[in-house]
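Following: one structure in structure tokens, then a few remarks.
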Amino acid sequence: MKAEGEKPQVNLVMHLPLAPQRTGYKLNYRTMLAEMTADRTIPNNPLQLFADNNKGEGPGLWVNSNIYNETNSQLYQQEIDLIKSEAAQGNCHYAEIDGIIYTLGLISGTDEPQKLNTTYTANQDSHSTISDLLTLGIDHILEGKTPVDEDTYTWAYGTYGNEGSHAANVDWYSGDGRFDVGGRDASASYGRLGSRRRVWG
């Protein structure tokens, strides 16, 4: 990764759904980031309070309503299926504790993602998961750093919509003090949108 100008960062990830509904899991990123937003022990905490309207808007996290309400569990299941498939092929290891999947690996910690202005499908095999990307941002906040993708967006693994026509992307919106999980047509390309490599251990 270093040889390609990337900044490898150790990433210990709890793979969680984005929201509590329709998943049956108590732990999720909406709850975690709401608790972090209210945590006054985090120095210079940049997360800002937004009322949770149950449509994707909430403390520390905004999620596209289609992803939040309709396909959250679908994207989460694709993430878990990917990890188990890679593990079965000997490409990664994971631990499952109390029903939660944990992975340890490296992720590119550069401010911008790699391969900007490319479609989701062009780099389908190299996308980080939503959990990978949110964990990277959370780690930066806890270390007193600005999260990556303040001016860019990173494609996240998994598709939704008719025949997988759309894919998620993650960024840090400093103006509102929250992470955004948006959605775009998987065939779209945009100059500030790219992929961020991760390598599982």
Side-chain angles (χ1 to χ4, degrees), residues 7 9-23 25-76 79 100 102 107-113 116 127-158 160 166-184 188 190-196 198:
K7 297 178 181 177
Q9 182 169 325
V10 175
N11 212 23
L12 175 60
V13 181
M14 278 195 304
H15 293 270
L16 302 173
L18 285 167
Q21 75 255 40
R22 303 186 186 183
T23 63
Y25 289 86
K26 291 182 180 178
L27 277 176
N28 56 82
Y29 281 105
R30 165 49 47 79
T31 301
M32 181 187 298
L33 284 162
E35 291 175 356
M36 282 186 65
T37 300
D39 189 344
R40 296 177 183 266
T41 67
I42 299 173
N44 303 311
N45 190 345
L47 296 168
Q48 296 180 25
L49 183 62
F50 281 81
D52 191 340
N53 65 6
N54 205 32
K55 295 180 180 178
E57 183 110 19
L61 179 67
W62 174 87
V63 182
N64 174 285
S65 60
N66 289 327
I67 295 171
Y68 189 83
N69 291 321
E70 298 173 18
T71 61
N72 175 40
S73 58
Q74 176 184 325
L75 285 170
Y76 169 69
E79 186 170 317
I100 297 174
Y102 293 79
I107 188 169
S108 174
T110 54
D111 291 337
E112 296 183 352
L116 290 169
H127 295 306
S128 300
T129 67
I130 291 174
S131 295
D132 292 326
L133 296 168
L134 290 177
T135 299
L136 175 64
I138 288 169
D139 286 349
H140 277 211
I141 287 175
L142 294 176
E143 294 167 7
K145 302 176 184 176
T146 300
V148 302
D149 285 319
E150 187 172 12
D151 298 309
T152 51
Y153 309 83
T154 296
W155 286 116
Y157 178 83
Y160 65 98
H166 287 71
N169 57 263
V170 179
D171 71 289
W172 166 249
Y173 185 29
S174 59
D176 283 348
R178 61 188 180 186
F179 296 100
D180 288 355
V181 179
R184 295 174 186 267
Y190 173 59
R192 306 302 291 167
L193 174 64
S195 61
R196 188 175 296 276
R198 55 100 184 100

Distance-minimising heavy-atom pair for Pro147 and Ile141: CG-CG1, 3.7 Å

Nearest heavy atoms of Pro113 and Ser195, plus distance in Å: CB-O, 3.4 Å

Pair Tyr68-Arg30, side-chain donor/acceptor within less than 3.5 Å: yes

Minimum heavy-atom distance Val181-Ala168, with the two atoms named: CG1-CB, 4.3 Å

Rounded distance (nearest 0.5 Å) linking atom CG of Leu61 with atom CG of Asp180: 8.0 Å

Salt bridge (charged side-chain N to carboxylate O under 4.0 Å, His left out) contacts touching residues 136-145 (sequence neighbours left out): Glu143-Lys145

Stepwise side chain to side chain contact (heavy atoms under 4.5 Å, CB included) test for Tyr190 and Asn169: CA-CA 12 Å; Tyr190 173 59; Asn169 57 263; over 6 Å; no

Arg184 to Tyr153, cation-pi by 6.0 Å centre distance and 45° axis angle: yes

Atom pair CG/CG of Leu134 and Leu16 - distance to nearest 0.5 Å: 9.5 Å

Side-chain touch Thr110/Val148, heavy atoms, less than 4.5 angstrom: no

Gap separating the CZ atom of Arg178 from the CG atom of Leu49, nearest 0.5 angstrom: 11.0 Å

Thr37 side-chain N/O to Leu33 backbone N/O, donor-acceptor pair under 3.5 Å: yes

Chi angles and distances behind the side chain to side chain contact (heavy atoms under 4.5 Å, CB included) call for Leu133, Ile107: CA-CA 9 Å; Leu133 296 168; Ile107 188 169; 4.2 Å; yes

Arg196 and its salt bridge (Lys or Arg N to Asp or Glu O under 4.0 Å) partner, picked from Asp149, Asp111, Asp171: Asp149

Student check: side-chain heavy atoms of Tyr29 and Leu27 closer than 4.5 Å: no

Check against side chain to side chain contact (heavy atoms under 4.5 Å, CB included), Thr154 and His127: CA-CA 8 Å; Thr154 296; His127 295 306; over 6 Å; no

Residues that Glu112 engages under side-chain contact (heavy atoms from CB on, under 4.5 Å), provided they are two or more places apart: Leu116, Thr152, Arg192

Side chains of Ser131 and Thr129, donor plus acceptor under 3.5 Å: no

Leu18/Tyr76 under side chain to side chain contact (heavy atoms under 4.5 Å, CB included): CA gap, chis, key distance, verdict: CA-CA 8 Å; Leu18 285 167; Tyr76 169 69; over 6 Å; no

Under 3.5 Å: donor-acceptor pair, side chain of Asp132, backbone of Val13: no

Where Trp172 and Gly177 come nearest, the two heavy atoms and their spacing: CH2-C, 3.6 Å

Heavy-atom closest contact (Leu75 atom, Ile130 atom, distance): CD1-CD1, 4.3 Å

Minimum heavy-atom distance Gly60-Leu47, with the two atoms named: CA-CD2, 3.9 Å

Salt bridge (charged side-chain N to carboxylate O under 4.0 Å, His left out) pairs, two or more places apart, involving residues 31-49: none

